Amino acid sequence: MIKKIGKALVVGGGISGIRAALDLAEFGYGVTLIDKASHLGGILAQLDYQFPTNNCGMCKMLPLIDRDSSSQYCLRRGLFHENIDILLSTQLASVEGEPGKFQVTLDQKSNPVDPSLCVGCGKCIQVCPVELPNCFNEGLSTRKAIYLPLPHAIPNSYRIDGNVCTLCGACVEVCPTDAVKLVDEGRKKFSILIVDDELIVRDSLKEWLEIEGGFAVEMAQSGQEALERLKEKKFRLMLLDIKMPGMDGVETLQKAKEILPDLHVVMMTAYATVETAVEAMKIGAMDYLIKPFDPDVLIPKIVKIYEELNVSAGLTLEVGAIVLSPGNSYFNPADGKDTLGYGKNPDVITGLEFERILSAAGPYEGRLVRPSDGRPIKKMAWIQCVGSRDFQTNADFCSNICCMYAIKEAMKAKERAQNAGYELDAAIFYMDMRTFGKSFQRYKDLAERCGVRFTRGRIHSVLPDKESGNLVVRHASYSGKISKDAFDMIVLAAGQRPALCTSDIAEMTGIELNSSGFPSTRPFSMSGTNQNGIVVAGTFAGLKDISESVTQAGAAALLASRVIHASGGGLALESGPAPIYADVSRENPQVMVVICSCNMASGLSEPEKLAENIKADPCVKHVLFTDRICTTSGWENLVEMVKKHHPNRLLIGACLPYLYARNLKALGEEVGINPRLMDVVDIHTPGFSDVDSQDPEYFRSMTETTLKMSIAKLKYADCASSVHAENSVFQQALIVGGGIAGMSAALAIADHGFKVDIVEHEKELGGNLRWLETTIEEHDIPSFLADTIAKVEKHPMIKVHTQSTVIASAGQVGQFFTAIEENEAPAVINLEHGVVILATGGAEAVTTSYGYGKNKKIITQKELAQKVNADELDIRSIKTLVMIQCVDSREEPRNYCSRVCCASSIKSALQFKKENPEIAIYVFYRDMMTYGFMESYFTEARKAGVIFIPYTINKKPVVTNENDSIFITAFEPIISQEIKIEPDMLVLGTGIIPTLPPSLAQTFGIALDQDGFFQEAESKWRPVDSLKEGVFACGLAHSPRNIPEAIATAEAAAQRALRILGHEYIPAGRISSTVRSSLCSLCERCIDTCPYGARTLNEDGKKVLVNSAMCQGCGLCAAVCPNSASVIEGYPMEQMLEMIDAAIL
Amino acid sequence: MNRLQPVRIDHTVSDTLAEIKDKVCACIQCGTCTGSCPNAFAMDITPRHLWRMLLMGQKDEIFTSRTFVLCSSCYYCTLRCPRGLPLTEAMSDLKQIAAKEDMIPHRPSTRFYKCFMDSVRRHGRVREAEFISTYFLSMSATDPLLPLKYASMGIRLLQKRKLALKNPLQKMSERSLDVVFKKVEEMENQI
């Protein structure tokens, strides 16, 4: 494995953190990934379904190249990668130093349950007396104080919630492996002094804190005595009564602080003297407790103080860059006025809560029932913009994702209801349906066709109907008609809020926050902050959907990597020696079967019989039973057994086979057995799959079958110890398109020391940025463009080919051969490159709608911008200006939102209003797509007096030409009248079309979507990859985007490319397919079938080749091959047949 | 309203309305005010519609509507408006304009308010007989038949002894609120 010296810290292990960590790790850096929670996945752990597939698919993010270096199972359950250190329950404590050399301190919370001993039997849960709302299910179900934070995590060990645990010790007694250590030794050293004149208070406090809390407690009965004790011994905490005869609490506090300045003091007070206690806090007390005391409250409070004072010494690391992706928080609809009744009515829930209701692991096992009375839900409503776009909750922003998740939830709920045999009435109440992402509009249209009702209108209150228990909403239609509607359940789209840790992190790192409290990024960047080397990703800087988060995480990884590289991190390569395995190809199979007996103690009556039956196979040399292989000591036992018996194949029967990948690899290196000759099978689940039959005989036969199948598998396993030929990489990149995306990608790659060729068909670099003047934030585009072009042209590793086009390309990831032609002086240049990034850009769509072309007063947005830039427009002379949005967009055939037109109109409108306040501006729109913080400009435009008039696709504005004048006639829905405007100018927002020629796509063997944009491998999880490894896309060729978003895709694509360019060879996967050419009839079915494009014909077309780096070993080719010519190495047919025999006989 | 002939819109408004328009400029036409308004059922146009007309500069239409007169200042709309706009305030601003300009269609209510407050000013409380006679008197030119409309209510109130029949033209009482009113006027003028 290649390792770079550079190291990065990723804070937050949600989807963005995982993506950033994997990107950096795949490039070769060491990564420390920390998360405050005790599991990875962030919010995604709670979400089971994502649109547009309405399924999960997170695992698609796992590495495809060199895939043996990471875990290859459900990513929601856990992650492992050779280069990633994952520290859970860990928070960032401090950051010092400079870019390339940060010293960070991490605080890791200890867990009273030892994960190496916990076997997950769950006995502790049964005895734990404390029950509280389960935050995994958003409080819709309950859990105990000892609990599994995530039901599906691997490895999964129990945790104790220290804030609620009463330390009763029931779990300690019942734990079979002594994994629970409730009282940590530290507490005995934490000395507490109790000062009170009342004996009964002193005694009971001492008893609680000493016996239940495990602290070292001493007592004093007066202030005077307390001071003397303090002189004798260094106490950590003093509980001090206020009202005492003689020296009172406040005086004692003052004097105590003189003796021990570090002493922490908590005042004890009766309700009447709370004010004095508050005063005492001003002179150094840290808190106060009000009498009478309740041990259930008091002990956790003291424990909390102890934990805060006693956080683990703190792990210190040196890292080159820091990626911040700790996520966000959500508006609590119960805060403030709460006219929607959240928190008061159990059937008013948030979107996240509904996700849990939909989940099979949720509170109702996925059944659609109401939380209040368990009745099936027949009629549901989603209310949008709760805590978003609302000044009353300080939210002058849109939360980006709620429109889409509401549609998804409605679709999913309808599907659930249909499966249960009835039709669900689903209504979404919205202000603007913000379907601005790629494929979003079509998804919304699909929902509409499926019967989801979309009603425009903001719901102001929800009132319960006392009789039926239904929830009644009143809403006004545009025409003013007020209607009432009753629902069984109402889902609120709670808006985004900054992560709770945002201000702490900002203070630690010095990153700036915007007026809403979210981190603000540098101009033209989605990830870069004002602190070099500290970048943000994911929803930390504002809510994003999965694909945007993943893209931005890639961009963040790139920026981090750039800083690490610049500080010398990427210069040294170190590769460990390849492990040497014994060659057993000439030996007979000698299988050692080790059966973990802990989980089968109850089910298996005659282990000897099982052993005997298995041993019937002559290949099986030993059958051994052992206990708790999943624990450290259990594993050590097993290693000893292997060393003693020297088998050449090893089979482990246990539960949770996923757990062992890492261990097997280590074991293989230690004892010289190739990991592919070792297998772990789940003998637990098959035996218990039939819940009713707890018959020992059944259990034994199921176990036997499972083991026999695996023995058959191992017998025929490929024991050749050689690895597949590695594929060498041309460590340079080709970028097609020299716009801002292409240039950003080129700089990103070249800055890492790899050669880049940019092919641009125009004379100059710059693309669309050449006609843009400012962004809506008023950042200066021309100077930014000039800077970028200068950097590209001066860069020693970048070669620009202007007026050139790609004419042909061949090859696969790592080795592409491309011919480009220079148009001016016809000459063909041949390039060899390892990856290609398509950044061919887009253009403003042309139109003939609304009379465009018939009158020079009718122009497009681009023409408007060009006129303004060229000073051809006398803004002061314009009296009335009309803009029409969504021209030919968001309806078939161009049924997508172009994202930039709304912002662009608002930008121009604001600019015009500023220069000429008298100008009348009317904007005809369908839904204003001012997502995220762009919403504030929408507000500003309204305030400046711009009139926004909604229209629907059935009632578009009509433009008529009369003489030289143009008139716009449209229906104004609110005043319910036809209106007629005579503007001096009409601006059409026609949107963006891609300029990615299909021939070019074909040249590189990638697909386009139905609108001609680049087709991603997976829209959410692999947003910049194509299905063909090594070909990426960014910028407008990918999808309509604004400048920072386009740059983010470019950086993400560059980072994906660097993964490949960073290696001289691409290691092939352990499992790969091959072709037995002598049997191959060249029918090419396998080539068509391969989903990864790993199969090609050779030059003379007489042989099918497999690229072992691209092959994922899925086996489809072997299944379609009519001649058995296509095989997966190590999985011969005999093996399959014998396994089937074992299964059915 | 004529729906066949498209109206030309011109969103410049007179100075008197400009200030109110500024207050509601940031309106996003979400309809929260209309949906919340307990009196919306009685209004000829909805509150949202009214604000829209204000933004569109349809002054005449605004003042032919009775919507703002029907506002009972419950503040529901102000409480719930996602833009935090002072909608109740804007309604009362419109009432004030109607009163100041003594607009004929709104006289029944503006003069009702005025006579009511005059009576309060004189006596520290309303004297029903005095109030209703001055009201009828002030409306005599606009609507001479107005007393008839109130006749049946008057008789019922009399039967229940809810009307104090004191001399309607009694002099200002000693407990007059005149001083307070004057002070308020002074303060308002200063602003």
Side-chain angles (χ1 to χ4, degrees), chain A residues 337 339 385-386 388-396 430-432 456-461 473-483 879-880 918 920-922 928 938-950 958 967-982, chain B residues 1-13 17-18 21-58 61-62 65 67 75-87:
Chain A
K337 290 163 188 160
T339 54
C385 297
V386 177
S388 306
R389 306 181 69 190
D390 183 358
F391 283 25
Q392 306 241 26
T393 56
N394 291 324
D396 191 12
Y430 69 98
M431 300 210 282
D432 287 289
R456 200 168 200 148
R458 188 172 173 275
I459 303 300
H460 49 79
S461 59
V473 299
R474 248 163 64 106
H475 56 97
S477 74
Y478 267 161
S479 63
K481 195 177 149 252
I482 292 171
S483 30
K879 285 202 186 73
T880 309
E918 298 304 311
I921 302 178
Y922 301 92
M928 283 308 279
F938 186 25
T939 306
E940 220 174 284
R942 296 249 188 205
K943 281 188 182 155
V946 179
I947 304 250
F948 292 87
I949 303 169
V958 176
F967 291 92
I968 288 127
T969 320
F971 181 73
E972 208 310 328
I974 295 163
I975 60 173
S976 294
Q977 271 178 318
E978 287 268 306
I979 53 169
K980 194 168 184 181
I981 307 169
E982 186 192 344
Chain B
M1 262 173 270
N2 185 351
R3 294 194 176 202
L4 297 172
Q5 188 62 40
V7 287
R8 288 231 182 169
I9 58 169
D10 165 22
H11 76 304
T12 51
V13 289
L17 282 179
K21 191 185 153 190
D22 281 347
K23 286 184 185 169
V24 300
C25 225
C27 171
I28 50 171
Q29 291 86 44
C30 66
T32 301
C33 46
T34 300
S36 299
C37 183
N39 296 351
F41 71 95
M43 294 171 174
D44 49 349
I45 60 170
T46 65
R48 166 164 63 178
H49 190 159
L50 184 79
W51 308 133
R52 196 62 173 166
M53 297 202 305
L54 192 58
L55 296 180
M56 298 263 187
Q58 298 179 311
E61 288 88 341
I62 291 172
S65 145
T67 293
Y75 281 87
Y76 256 148
C77 52
T78 307
L79 175 85
R80 292 171 177 173
C81 174
R83 302 271 107 175
L85 304 176
L87 300 177

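All values derive from a computational prediction rather than experimental measurement.
Most heavy-atom pairs under 4.5 Å with chain A: of the set B/S36, B/P82, B/G84, this distinction falls to B/P82. With respect to chain B, the highest number of heavy-atom pairs below 4.5 Å among A/C385, A/G457, A/S461 belongs to A/S461. Per-residue heavy-atom pair counts under 4.5 Å with chain B were compared for A/A970, A/P950, A/A941, A/S477, and the maximum is reached by A/S477. Between chain B and the residues A/Q392, A/H475, A/E940, the largest count of heavy-atom pairs under 4.5 Å involves A/Q392.
Contact of A/T339 with chain B is made through the side chain alone, with heavy-atom distances under 4.5 Å. Proximity to chain B (any heavy atom under 4.5 Å) is shown, for A/S483, by neither the backbone nor the side chain. Of the two parts of A/E972, only the side chain, counted from C-beta on, holds a non-hydrogen atom closer than 4.5 Å to a non-hydrogen atom of chain B. Within the 4.5 angstrom heavy-atom criterion, only side-chain atoms of A/K337, from C-beta onward, approach chain B. Contacts between B/C37 and chain A at a heavy-atom distance below 4.5 Å involve the backbone alone (N, CA, C, O).
Annotation: salt bridge (Lys or Arg N to Asp or Glu O under 4.0 Å) contacts of A/R389 (sequence neighbours excluded): A/D432, A/E935.
Remark: the A/R942 side chain and the B/Q29 side chain contain an N/O donor-acceptor pair separated by less than 3.5 Å.
No donor-acceptor pair under 3.5 Å is formed between the side chain of A/R458 and the backbone N or O of B/C81.
Here A/I974 contributes atom CD1 and B/M56 contributes atom CE; the two are 7.5 Å apart, rounded to the nearest 0.5 Å. Atom CG of B/L85 is separated from atom CZ of A/F391 by 8.0 Å, given to the nearest 0.5 angstrom. Atom CZ of residue B/R83 and atom CG of residue A/D396 lie 6.0 Å apart, to the nearest 0.5 angstrom.
Across A/A476 and B/G31, no two heavy atoms sit closer than the pair CB-O, 4.1 Å.
Sorted by first and then second residue, the salt bridge (Lys or Arg N to Asp or Glu O under 4.0 Å) pairs involving residues 23-38 of chain B (not counting sequence neighbours) are B/K23-B/E89, B/K23-B/D93.
When B/T32, B/L79, B/T34 are each tested for a side-chain contact (heavy atoms from CB on, under 4.5 Å) with A/H460, only one passes: B/T32.
Residue A/Y478 qualifies as enclosed at atom OH: its count of foreign heavy atoms under 6.0 Å is above 12.
Put simply, the side chain of A/Q977 reaches to within 4.5 Å of the side chain of B/Q58, judged on heavy atoms.
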